[in-house]
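The structure under discussion appears below in the form of structure tokens.
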Amino acid sequence: MTMMMIRTLIAALLLAGPLHAAETYDLIFRTGTLDDVAPDRMLAYERHVEISDNPEYASRSTGVVELSFHDDDMARLQFVQGDRQQVLGMFPATVGNPIIMYFVETVLRDVAQAAGGSPFYIRNRIKESLVAVAPIEDAEIGFDGTEIAAKEITLHPFRDDPNRDKMGVYGDLALTFTMSDDAPGWYASLSATAPGADGAVGYVNTLTLLPMVAGK
């Protein structure tokens with residue numbers, strides 16, 4: 001499933017849901033988030049993945065995701081791990097920061113692969129949580145050596161799901177979005193976590209904004 005398809009499906013769910021859910025959606029999927037980033041700069045996100053029953057995959061998935069600007073108002077996402085580089089896609093920079101769709105897509109893929117059952121069911125529950133009403137918390141976070149004001153939203157896609165017990169560790173999946181006008185590109189951090197047995201780590205998928213550097 002492409003990022004554009006995910007965006008379209010989420011938008012459809014929003015139109016079908018309560019109007020007051022729009023505030024949550026508008027913060028998580030804010031448009032114009034790259035407008036104030038100079039085209040000669042690059043955004044970089046440290047990606048950290050832990051999966052208790054698949055450490056090899058987690059190791060391959062840990063690295064840095066770079067966002068750089070190219071001709072025709074396009075933004076490129078690239079995964080970097082040492083000497084390994086993988087282009088993830090090109091996206092219209094005028095729409096917004098594609099890192100949010102990359103994050104959602106990777107979480108959907110990871111949970112669907114690991115939890116078993118119907119991948120469509122899992123995807124729908126996560127997408128529905130993204131357009132549900134959720135508390136919006138004010139926060140102070142550290143970025144580039146200073147404290148900045150942020151908004152934080154945490155979602156629990158399977159908390160009230162009747163099939164939660166069949167999800168294993170992912171039944172307690174939490175998605176946390178930390179966003180700030182003072183964070184270039186809007187997203188300071190994006191995090192998906194689920195505790196394992198006896199308090200150990202079950203699943204972690206985080207993207208953390210690094211200080212901005214010159215583009216390539």
Looking only at heavy atoms, the pair that brings Gln81 and Ser59 closest together is NE2-O, 2.7 Å
Interatomic distance, OG1@Thr24 vs CD1@Ile153, rounded to 0.5 Å, equals 5.0 Å
query = Step by step, would you call Thr106 with Arg47 a side chain to side chain contact (heavy atoms under 4.5 Å, CB included)?
reply = CA-CA 11 Å; Thr106 57; Arg47 184 170 193 238; 3.5 Å; yes
**Asked** Quick one: are Asp110 and Tyr203 in side-chain contact, heavy atoms under 4.5 Å?
**Response** yes
Requested in this report: For the residue pair Met167 and Ile122, establish whether any side-chain heavy-atom pair is separated by less than 4.5 Å.
Outcome: yes
Are Ile100 and Met74 connected in the hydrophobic side-chain network, where two residues link if heavy atoms are under 4.5 Å apart?
no
| query | Do Phe143 and Leu209 come within less than 4.5 Å of each other through their side chains, counting heavy atoms only? | reply | yes
Item to complete: State whether the side chain of Trp186 and the backbone N or O of Gly96 hold a donor-acceptor pair below 3.5 Å, judged by distance alone.
Response: no
query = Can you hop from Val169 to Val204 via hydrophobic side chains spaced under 4.5 Å?
reply = no
Tell me, please, whether Tyr121 has Arg123 positioned over its six-membered ring: NZ or CZ under 6.0 Å from the ring centre and within 45 degrees of its axis? no
Correct closest heavy-atom pair for Leu77 and Tyr102 would be CD1-CB, 3.9 Å
Checklist entry - Do Thr208 and Ser189 have a side chain donor and acceptor closer than 3.5 Å? => result no
Taking atom types as modelled and ignoring hydrogens, do the side chains of Asn205 and Ser191 form a donor-acceptor contact shorter than 3.5 angstrom?
no
Taken to the nearest 0.5 Å, the spacing of Arg76 CZ from Asp71 CG works out to 11.5 Å
Of all heavy-atom pairs linking Phe69 and Leu34, the shortest is CE2-CD1, 4.0 Å
Stepwise side chain to side chain contact (heavy atoms under 4.5 Å, CB included) check, Arg125 with Phe120: CA-CA 9 Å; Arg125 297 293 81 74; Phe120 300 103; over 6 Å; no
task = Please test Glu66 against Leu43 for side chain to side chain contact (heavy atoms under 4.5 Å, CB included), starting from the C-alpha separation and ending with a verdict.
result = CA-CA 6 Å; Glu66 298 176 343; Leu43 301 181; over 6 Å; no
Q) Would Tyr187 and Phe177 count as a close aromatic pair, with their ring centres under 6.0 Å? A) no
Give a yes or no on whether Val64 and Leu88 share a hydrophobic cluster (residues Ile, Leu, Val, Met, Phe, Trp, Tyr; joining criterion: side-chain heavy atoms under 4.5 Å apart). no
Practice item. Decide whether Tyr170 and Asp172 meet the rule of one side-chain donor and one side-chain acceptor closer than 3.5 Å. Key: no
message = Using side chain to side chain contact (heavy atoms under 4.5 Å, CB included), reason through Phe158 and Ile126 one step at a time and then give a plain yes or no.
response = CA-CA 8 Å; Phe158 304 107; Ile126 291 179; 4.0 Å; yes
Glu50 and His48: side-chain donor and acceptor closer than 3.5 Å? yes
Judged by modelled atom types alone, do Ser68 and His70 share a side-chain donor-acceptor pair under 3.5 Å?
yes
Exercise for review: Please check if the side chain of Asn54 supplies one atom and the backbone of Tyr57 the other of a donor-acceptor pair under 3.5 Å.
Suggested key: yes
Are Asp181 and Arg30 ion-paired here, with the side-chain N under 4.0 Å from a carboxylate O?
yes
| field | Under-4.0 Å salt bridge between Glu105 and Arg109 | value | no
Please tell me if the side chains of Phe91 and Met101 come closer than 4.5 Å, counting only heavy atoms from C-beta onward. no
Correct closest heavy-atom pair for Ile148 and Ser180 would be CD1-OG, 3.7 Å
Are Ile141 and Leu207 joined in one hydrophobic group, where the rule is that I, L, V, M, F, W and Y side chains link up if heavy atoms are under 4.5 Å apart?
yes
In this structure, CD of Glu147 is separated from CD of Glu140 (nearest 0.5 Å) by 6.5 Å
Which of Val104, Leu155, Leu190 passes side chain to side chain contact (heavy atoms under 4.5 Å, CB included) with Ile28? It is Leu155
Between Leu175 and Pro157 the two heavy atoms that sit nearest each other are CD1-CG, 4.0 Å
Can you confirm whether Phe29 sits close enough to Asn97 that some side-chain heavy atom of one is under 4.5 Å from a side-chain heavy atom of the other?
no
d(Asp161 CG, Arg159 CZ) to nearest 0.5 Å is 12.0 Å
| Is Arg41 close to Pro184 at the side-chain level, that is, under 4.5 Å between some pair of heavy atoms? | no
When every non-hydrogen atom of Leu67 is compared with those of Pro98, the smallest separation belongs to CD1-CD, 3.7 Å
- Query: Cluster question for you: counting only ILVMFWY and a side-chain heavy-atom cut-off of under 4.5 Å, with indirect links fine, are Val201 and Leu173 together?
  - Reply: no
To the nearest 0.5 Å, atom OG1 of Thr31 lies from atom CG of Asp35 at 8.0 Å
Crowded around Asp36 CG? As in, over 12 foreign heavy atoms under 6.0 Å?
no
